[in-house]
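Convention: sequence-line order gives letters A, B, ...; per-chain numbering from 1. On a predicted model such as this, the values are computed, not experimentally measured, just so you know.
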Amino acid sequence: MEIEVDLLTKEQAKAELQRLVPALAAADIAYHQKDSPEISDAEYDALKRRYLAIEARFPDLKHEDSPSQKVGAPVASGFSKVKHAVAMMSLGNAFDDEDVFEFDDRIRKFLNIPAGKSLSYTAEPKIDGLSLSLRYESGRLVQAATRGDGETGENVTENALTVRDIPKEISGAPEVLEVRGEVYMSHDDFAQLNVDQLANEDKLFANPRNAAAGSLRQLDSGITKTRALHFFAYAWGELSAPLATTQAAAIDHLTEFGFSTNPLTKTCVNTGELLEHFRDIEAKRALLGYDIDGVVYKVNDLGLQERLGYRTNTPRWAIAHKFPAEMASTVIEDIEIQVGRTGALSPVARLKPVTVGGVVVSNATLHNEDYIAGRDSNGQPIREGRDIRIGDWVTVYRAGDVIPKVKDVDISRRAKDSKPYEFPKKCPECGSDAIREEGEAVSRCTGGLICPAQAVEKLKHFVSRTAFNIEGLGAKQVETFYADGWVQEPADIFTLPVRYGDGSLQQLKNREGWGAKSAEKLFSAIKERQNIPLNRLIFGLGIRHVGESSAMTLARHYGSWPNFSSAMENARDHSGADWDALNAIDGVGAVMAAALVDYFHQEQTRAALDRLVQHLRIETVRPPSVEGSKVVGKTIVFTGTLEKVTRAEAKAKAESLGAKVSGSVSAKTDIVVAGPGAGSKRKKAEELGVEVLSEDEWISLIA
DNA sequence: GAGCCTCGAGTTCC
DNA sequence: CTCGAGGCTC
């Protein structure tokens with residue numbers, strides 16, 4: 001008899017994983033390579049489910065060749081997936097000097113460093129290539145992974161081994177060292193490559209970055225080897241021992257290990273020096289021989305970096321100062337309206353194709369009605385109030401070097417008979433009224449699920465990578481399946497194999513792009529996702545105002561589906577204990593609470609939900625298991641003046657240890673941390689018998 | 001009630 | 001990546 005996963009001790013879990021990994025591997029080989037399964041699908045599924053459940057509960061026991069790392073993928077992308085031990089984050093951006101000053105101010109505020117006191121940074125060119133994480137164990141390169149979405153990348157080890165700048169072995173480094181940097185191609189090598197491509201009648205690369213990315217992601221590492229790729233190291237991920245105490249010294253160590261590091265890396269003692277170095281690099285830009293798109297600034301002291309920590313997607317201690325974007329002129333040929341999953345009507349400009357920053361751009365977002373009219377949401381003029389019309393000549397650029405945007409309109413070239421663009425009052429997809437609520441910027445189609453555009457977009461969201469992530473069922477497939485009447489709502493996805501059985505396999509096979517293999521894969525992917533973590537389910541429903549992050553908050557708070565759904569039902573009148581509890585969750589306000597509760601209460605959405613959940617086994621979610629933390633789940637109130645750290649820092653730290661930080665003392669408060677000057681809150685805490693700690697006591701508690 | 005910060009939703013191109 | 005809106009802090 002198996003023990004419930006939830007009741008396993010860590011030792012038991014470890015032993016069981018050791019048993020499950022080879023069993024699953026053997027079954028995999030038997031199934032895929034010998035084509036003769038040795039265990040039934042049901043048995044295999046049960047093993048795998050148990051494996052994943054154990055792994056989910058004890059993430060640090062994750063086995064190197066865990067089956068969870070092999071789910072789907074290999075055939076679709078050709079590369080296996082790699083979960084980064086330390087996430088590869090993106091950077092915040094600065095577009096002008098003012099943004100750089102604000103960056104410095106923010107950091108000083110957070111760390112409580114007065115303006116007079118020196119705070120040094122490193123500054124280095126931001127290479128326009130693709131980031132790569134190299135893992136060294138005992139000095140040997142064991143794995144190279146692309147950034148991917150930051151959490152999970154692709155395993156490109158074979159290809160990385162062919163890049164000359166990447167050492168295969170290093171000495172003097174910590175036992176485990178993940179080196180991060182940028183793979184890029186020089187202008188000369190890029191030009192030569194395109195000459196060769198032309199000679200071989202292969203397609204040309206648009207720019208060096210695409211060429212580098214294309215070269216590194218070759219399935220045949222023999223091809224990668226012929227491409228002149230280079231690598232600059234500038235950061236690190238997992239480390240078994242610290243490299244240094246400052247960013248600059250750590251980079252020096254990377255150089256000593258044998259990595260190329262950028263020669264224009266400089267330590268600056270203030271923002272003035274940062275900007276000076278920025279202009280210096282900008283002046284040298286054209287002579288470097290490789291593409292850069294800005295300069296990266298990082299707080300030099302690694303201890304301070306650690307204190308600053310991370311926001312959801314970016315570190316607080318670094319920023320990318322971008323060069324001004326390249327501009328181009330073109331004509332707006334048409335303005336079309338797209339309908340999103342929430343019914344939002346978004347205008348998109350169809351442009352006469354034009355090259356901007358090495359890429360041909362033919363569409364640009366126009367955001368909303370006001371943006372076209374030349375106003376921002378406060379009615380303030382943008383583009384000096386010039387509106388955008390079909391037929392206008394406009395300047396476009398790629399915001400952050402990615403998203404095309406319309407910068408300005410050339411009124412002098414406007415046709416005499418041109419008329420202002422009239423924003424539609426009806427949904428172009430279903431003809432329902434489009435309503436713009438008072439005080440809102442977007443118009444929304446009122447058709448709900450009657451509107452095919454909304455229905456399809458909701459389905460796309462449901463299957464998307466961050467929601468149900470059903471391999472083999474992407475946006476394209478959802479569109480055809482919807483058009484064919486196969487899938488109208490999420491529940492239909494799970495009845496697909498049942499309703500059509502082998503017949504649907506036959507139908508799928510007859511479709512273009514579908515073979516027996518991919519059809520089987522799709523059905524097994526669907527089956528696999530009948531086990532779904534609560535947070536992914538909540539997010540996948542696509543309830544307005546409930547995104548990935550809020551879904552996680554809710555899942556952690558309620559833990560299980562029965563808990564969550566009954567609370568939503570009980571709160572249906574927007575009152576009562578469950579309603580109050582919902583509103584009391586940190587990050588949930590009245591708007592989100594109403595959206596959630598109404599979703600469960602409204603007949604249509606509720607019925608679709610009931611149809612869906614009967615196919616699912618919803619996995620419980622627990623708050624982050626913060627090993628050794630003594631404050632998990634505790635509610636902390638900080639009051640008075642904190643002397644060692646700032647308020648923001650204390651809050652971030654407490655939350656990272658699984659505590660909830662609140663502003664006022666109540667019976668639910670567990671600990672009040674009181675600095676000098678604490679008054680009424682301290683008194684109230686004492687009255688309520690809540691534990692009161694000094695700042696020093698708090699620090700030793702969490703040490 | 002204003003002002004910050006974070007998140008959600010929508011978007012492009014390879 | 002950007003903008004707008006929601007949530008929280010001051």
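Closest to the side chain of A:Asp586, out of B:dC13, B:dA9, C:dC8, is C:dC8. Set against C:dC3, B:dG8, B:dT12, the side chain of A:Ser549 has B:dG8 as its closest nucleotide. For A:Arg106, taking side-chain heavy atoms from C-beta onward, the closest of the listed nucleotides C:dC3, B:dC5, B:dC13 is B:dC5. If you check B:dG10, C:dA5, B:dT11 against the side chain of A:Arg341, the one that comes closest is B:dG10. The side chain of A:Ala344 lies closest to B:dG10 when the candidates are B:dG10, B:dT6, C:dC3. Distance from the side chain of A:Thr365 is smallest for B:dT11 among the nucleotides B:dA9, C:dC3, B:dT11. For A:Met592, whose side chain is taken as the heavy atoms from C-beta onward, the closest listed nucleotide among C:dG7, C:dA5, B:dA9 is C:dG7.
At whole-Å resolution of the value, NE2 in A:His367 and C1' in B:dA9 are 12 Å apart. Distance A:Gln454 CD to B:dA9 C1': 13 Å, rounded to the nearest Å. Between A:Met185 atom CE and B:dC14 atom C1' the separation is 15 Å, expressed in whole Å. Atoms NE2 (A:His461) and P (B:dT11) sit 14 Å apart, rounded to a whole Å. Rounded to a whole Å, the CD atom of A:Glu336 is 16 Å from the C1' atom of B:dG10. Regarding A:Asn368, its CG atom lies at a distance of 9 Å from the C1' atom of C:dG4, rounded to whole Å. Look at CD on A:Glu440: it is 13 Å from C1' on C:dC3, rounded to the nearest Å. One can place CE of A:Met552 at 18 Å from P of B:dT6, the figure rounded to the nearest angstrom.
Contact annotation: A:Ser550 side-chain N/O to B:dG8 OP1/OP2 distance is under 4.0 Å. Put simply, A:Asn93 has a side-chain N or O that comes within less than 4.0 Å of OP1 or OP2 on C:dC1. Look at A:Gln338 and you won't find any side-chain N or O under 4.0 angstrom from OP1 or OP2 of B:dG10. Between A:Ser346 and the phosphate of B:dA9, there is no side-chain N or O to OP1/OP2 separation shorter than 4.0 Å. At C:dC3, one or more side-chain N or O atoms of A:Lys405 fall inside 4.0 Å of OP1 or OP2 (strictly under the cut-off).
Annotation: ring pair (Phe, Tyr, Trp, His ring centres under 6.0 Å) contacts of A:Phe423 (sequence neighbours excluded): none. For A:Asp99, there are no salt bridge (charged side-chain N to carboxylate O under 4.0 Å, His left out) partners at least two apart in sequence or on another chain.
Using a 4.0 Å heavy-atom criterion, one finds that A:Val348 contacts the sugar-phosphate atoms exclusively. In this structure, A:Ala590 reaches the sugar-phosphate backbone alone: every heavy-atom distance under 4.0 Å involves primed, P, OP1 or OP2 atoms, never a base.
Side-chain polar atoms of A:Arg444 and A:Thr342 form a donor-acceptor pair below 3.5 angstrom.
The aromatic ring centroids of A:Phe323 and A:Phe278 lie less than 6.0 Å from each other. Separation of the A:Phe468 and A:Phe539 ring centroids does not fall under the 6.0 Å cut-off. Aromatic pair A:His321/A:Tyr297: centroids less than 6.0 angstrom apart.
Toward the 5′ end of DNA chain B lies the nearest nucleotide of A:Glu457, the other residue of the pair A:Glu457 and A:Asn210 mapping further downstream.
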